[in-house]
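These notes are about the structure you will find just below.
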Amino acid sequence: MKRILYIGNHLSEKTKYNSTLDTLSKLLISEGFDVKISSSKQNKLFRLFDMCFSLFKNRSNIDIVLIDTFSTKNFYYAYIISQLSRLFRVPYIPILHGGNLPNRLVKSPKMSNQLFSNSKINVSPSNYLKIAFEALNYKVQLIPNTLEISTYKFKERKEFKPNLLWVRAFDRTYNPMMAIKVLTKLKEKYPNAKLCMIGPKKDETLSETLKLIEKYSLNDSVEITGVLTKEEWHLKSEDYDVFINTTNFDNMPVSVIEAMALGLPVVSTNVGGLPYLIEHNDTGVLVDANNAQQMADSIIDFITSQKNASVITKRARLKVEKYDWNVVKKSWMDILA
C-alpha cells in the first residue's frame, strides 16, 4: 500500500472537532495505507512551518501527498505545500473543500493554475466544485465526503416539533445569527420552540449571536454547547427534530450529511454545493440565503405536514447511504494506486 502524507488541520484532539481529515485518514489506515498527518499545531504560523517540515522530513519516504484545500487563508497552505511537493518531486492531490473556491480561481488565477494544474488529480466531494474546476480545464475526480453509515443510528420521528439543531463553527461564513432570527420568527407561532447550537468559536459572530439572544430574550430557548465530539452531538440530536444550515457559502458539509443519516429533516440555504446534495422538497428543503422568514416558514411546513417530513427523512437517509465508505473507497483505491 502507498505511503501517504496528509496535510491539513489536525486539531481534533485539542478541539474535539472531527474534520474530514480525521475521518478519511482513519479509513485509509484501516485499508492498510501508511498515513502520516500534519499538522496539529494550533498557531497558524507554527502549523504552516510544521506542514513544510513534515514534507521535507518525509520527502523520501512517501509516495503521495493529500492536501486539504480551502478558499480563504488555508488556500495559501495548500499552495505552498503543492509547490514544495513539486520541488521534491512527490505527487500530490488537493482535496477541494472550500465552498468559495470558484471565486478563488478567479481571484488568484496564477496561483490556482500552479496548484491545480500540476496535481496528479484534484478530488472534489461535490459536483458543484467539479463543474467549476472543469470549466477551467482542471482534472477533477468526484469522490463524496464519506462516512461509515453503520455507525449512524436513524431515528424515525413519530412527531416533528419546533426543536432546532444547528451544527457549524461560529464563523461569518456560516451565518449563525440567522439561526437566532429563524427562532424568533418560529416563536411567533410556537412559543415553546427551542434551538441548540453546537460548534467552535472562530470569530466575533459568537458574541453577535449572544447579543441577539439577549435582545430577543431567548436565554431560556437557546443552548450553546461549544464543541462536542461527533458521538456527543449525535446523541444530543435525538432531542431535536429539525436541522438547520444557515451558511452563506458552502461545498458539501459533513454535518448536513450526518444530519440526513441520523433522520433529521434538513432546511438549508440554497448556496454553493448544497443544491447538489439536497433535492428541494425531496431529500430536504432549500431556502434563499439570509432569508430567516423563508426558513421559518419551511420549518412550519415540516411541523404541519408530519407525513411529508417523514418521507423526506427516509429519502435523505437512502441518498447518503451512497456516501458510505464501502461504496466510496473504490474511488480512493483507484486514484491512490
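No experiment lies behind these values; they were computed from the predicted model shown. All residue numbers refer to positions in the sequence shown, counting from 1.
Taking CG of Leu147 as the start and CD1 of Ile149 as the end, the distance is 5.0 Å to the nearest 0.5 Å. Taking OG1 of Thr304 as the reference point, atom CD of Gln306 lies at 8.0 Å (rounded to 0.5 Å). Taking OG from Ser124 and CD from Glu134, the interatomic distance works out to 9.0 Å, rounded to the nearest 0.5 Å. Put simply, CD1 on Ile4 and CG on Leu28 are 5.0 Å apart, with the number rounded to the nearest 0.5 Å. Between the CD1 atom of Ile62 and the CG atom of Leu55 there is a distance of 5.5 Å, given to the nearest 0.5 Å. Taking CG of Leu66 as the reference point, atom NZ of Lys120 lies at 10.0 Å (rounded to 0.5 Å).
Using bins of under 30°, 30° to 60° and over 60° for the plane-to-plane angle, the ring pair Trp166/Phe170 lands in the tilted bin. The aromatic rings of Phe133 and Phe116 lie perpendicular to each other, with more than 60° between the two planes, well past the 30° mark. Ring planes of Phe56 and Phe53: tilted class, angle from 30 to 60°.
Residues Lys153 and Glu238 form a side-chain contact, since some pair of their non-hydrogen atoms from C-beta on lies under 4.5 Å apart. A 4.5 Å side-chain heavy-atom check between Leu27 and Lys329 finds every atom pair outside the cut-off. Taking 4.5 Å as the limit, every side-chain heavy atom of Ile29 sits out of range of all side-chain heavy atoms of Phe33. Side chains of Leu24 and Tyr6 form a contact here, defined as non-hydrogen atoms less than 4.5 Å apart. Residues Leu218 and Leu183 have side chains in contact (heavy-atom distance under 4.5 Å, counting atoms from C-beta outward). Using a 4.5 Å heavy-atom threshold, the side chains of Ser119 and Pro94 count as touching. Residues Tyr138 and Asn113 have side chains in contact (heavy-atom distance under 4.5 Å, counting atoms from C-beta outward). Between Lys187 and Ser221, some side-chain heavy-atom pair lies under the 4.5 Å cut-off.
A side-chain N or O of Ser268 and one of Asn245 form a donor-acceptor pair less than 3.5 Å apart. Judged by distance alone, the side chains of Asn175 and Asn290 do bring a donor and an acceptor atom under 3.5 Å apart. A donor-acceptor contact closer than 3.5 angstrom is absent between the side chains of Asn118 and Tyr92. For Lys36 and Ser54, the side-chain atoms include no donor-acceptor pair closer than 3.5 Å. Inspection of the Glu31 and Trp332 side chains reveals no N or O donor paired with an N or O acceptor under 3.5 Å. The closest side-chain donor-acceptor pair between Ser298 and Asp301, if any, does not fall under 3.5 angstrom. Side-chain contact of Thr173 with Asp171: a donor-acceptor pair under 3.5 Å is present, judged by distance alone. In summary, the side chains of Asn251 and His97 do not present any donor paired with an acceptor at a separation below 3.5 Å, with no hydrogens or angles considered.
Of the possible donor and acceptor atoms, none in the side chain of Ser108 sits under 3.5 Å from a partner among the backbone N and O of Leu105. For Thr146 (side chain) and Tyr323 (main-chain N/O), a donor-acceptor pair under 3.5 Å exists by modelled atom type. Of the possible polar contacts, none joining the Gln294 side chain to the Val287 backbone as a donor-acceptor pair under 3.5 Å is found. Remark: the backbone N or O of Phe302 is not paired with any side-chain donor or acceptor of Ser305 at under 3.5 angstrom. Between the side chain of Tyr152 and the main chain of His234, no donor-acceptor pair closer than 3.5 Å is present. Checked by atom type and distance alone, the side chain of Arg157 never pairs as donor or acceptor with a backbone atom of Ser310 at under 3.5 Å. Although no hydrogens or angles enter the test, the distance criterion places no donor-acceptor pair under 3.5 Å between the side chain of Ser82 and the main chain of Leu115. Lys2 contributes no side-chain N or O that, together with a main-chain N or O of Asp63, makes up a donor-acceptor pair within less than 3.5 Å. Judged purely by atom type and a 3.5 angstrom limit, Asn100 has no side-chain atom pairing as donor or acceptor with the backbone of Asn103. With Asn122 contributing its side chain and Lys139 its backbone, the two residues share a donor-acceptor pair below 3.5 Å.
In this structure, Lys194 forms a cation-pi arrangement with Tyr240, its terminal cationic atom sitting closer than 6.0 Å to the ring centre and no more than 45° off the ring axis. Because its NZ or CZ atom is not both nearer than 6.0 Å to the ring centre of Phe154 and within 45° of the ring axis, Arg317 does not count as a cation-pi partner of that residue.
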**OP:** For the pair Asn163 and Val242, evaluate side chain to side chain contact (heavy atoms under 4.5 Å, CB included) and give the outcome as yes or no after the intermediate values.
**Re:** CA-CA 6 Å; Asn163 301 328; Val242 181; over 6 Å; no
**OP:** Determine, stepwise, if the pair Asp334 / Lys330 fulfils salt bridge (Lys or Arg N to Asp or Glu O under 4.0 Å).
**Re:** CA-CA 6 Å; Asp334 289 345; Lys330 183 181 183 304; 3.0 Å; yes
Subject >> Trace of the side chain to side chain contact (heavy atoms under 4.5 Å, CB included) decision for Leu336 with Ile93 >> reply: CA-CA 9 Å; Leu336 293 172; Ile93 298 175; 4.2 Å; yes
Original post:
For Asp68 and Asn74, what are the C-alpha separation, side-chain angles and deciding distance, and is it a side chain to side chain contact (heavy atoms under 4.5 Å, CB included)?
Top reply: CA-CA 9 Å; Asp68 277 343; Asn74 285 3; over 6 Å; no
**OP:** Decide side chain to side chain contact (heavy atoms under 4.5 Å, CB included) for Glu279 and Lys319; before the verdict, give the C-alpha distance in whole Å, the side-chain angles of both, and the deciding distance to 0.1 Å.
**Re:** CA-CA 10 Å; Glu279 293 85 11; Lys319 173 157 189 178; 2.6 Å; yes
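Across every non-hydrogen atom of Ile7 and Met51, the tightest pair is CG2-SD, 3.7 Å. Smallest separation of non-hydrogen atoms from Val327 and Lys322: CG1-O, 3.4 Å. Between Thr225 and Cys196 the shortest heavy-atom distance is CG2-SG, 3.8 Å. Val35 and Ser25 get closest at one heavy-atom pair: CG1-CB, 4.2 Å. Residues Asn9 and Leu21 share a closest heavy-atom pair of N-CD1, 4.1 Å. The minimum heavy-atom distance linking Val266 with Ile278 is given by the pair CG1-CD1, 3.8 Å.
A chain of hydrophobic side-chain contacts below 4.5 Å, direct or via other Ile, Leu, Val, Met, Phe, Trp or Tyr residues, connects Met178 to Tyr190. Taken together through direct or relayed side-chain contacts under 4.5 Å among Ile, Leu, Val, Met, Phe, Trp and Tyr, Val267 and Ile257 form parts of separate hydrophobic clusters. Note on Leu206: it does not cluster hydrophobically with Val167, by side-chain heavy-atom contacts below 4.5 Å among ILVMFWY residues. In the hydrophobic cluster analysis, where Ile, Leu, Val, Met, Phe, Trp and Tyr join through side-chain heavy atoms closer than 4.5 angstrom, Leu264 is grouped apart from Ile303.
Shown here is Asn61, whose CG atom has more than 12 heavy atoms of other residues, nucleotides or ligands within 6.0 Å. The 12-atom threshold is not exceeded at NZ of Lys161, counting heavy atoms of other residues, nucleotides or ligands nearer than 6.0 Å.
Taking 4.0 Å as the cut-off between side-chain N and carboxylate O, Asp50 and Lys41 do not count as a salt-bridged pair. Of the charged side-chain nitrogens involved, at least one lies within less than 4.0 Å of a carboxylate oxygen, so that Glu208 and Arg172 count as a salt-bridged pair. Under 4.0 Å is where a charged nitrogen must lie from a carboxylate oxygen, and between Lys201 and Asp203 no such pair does. A salt bridge links Asp282 with Arg315: the distance from a Lys NZ or Arg NE/NH1/NH2 to an Asp or Glu carboxylate oxygen falls below 4.0 Å. Note on Arg168 versus Asp250: salt bridge recorded, some NZ/NE/NH1/NH2 to OD/OE distance being below 4.0 Å.
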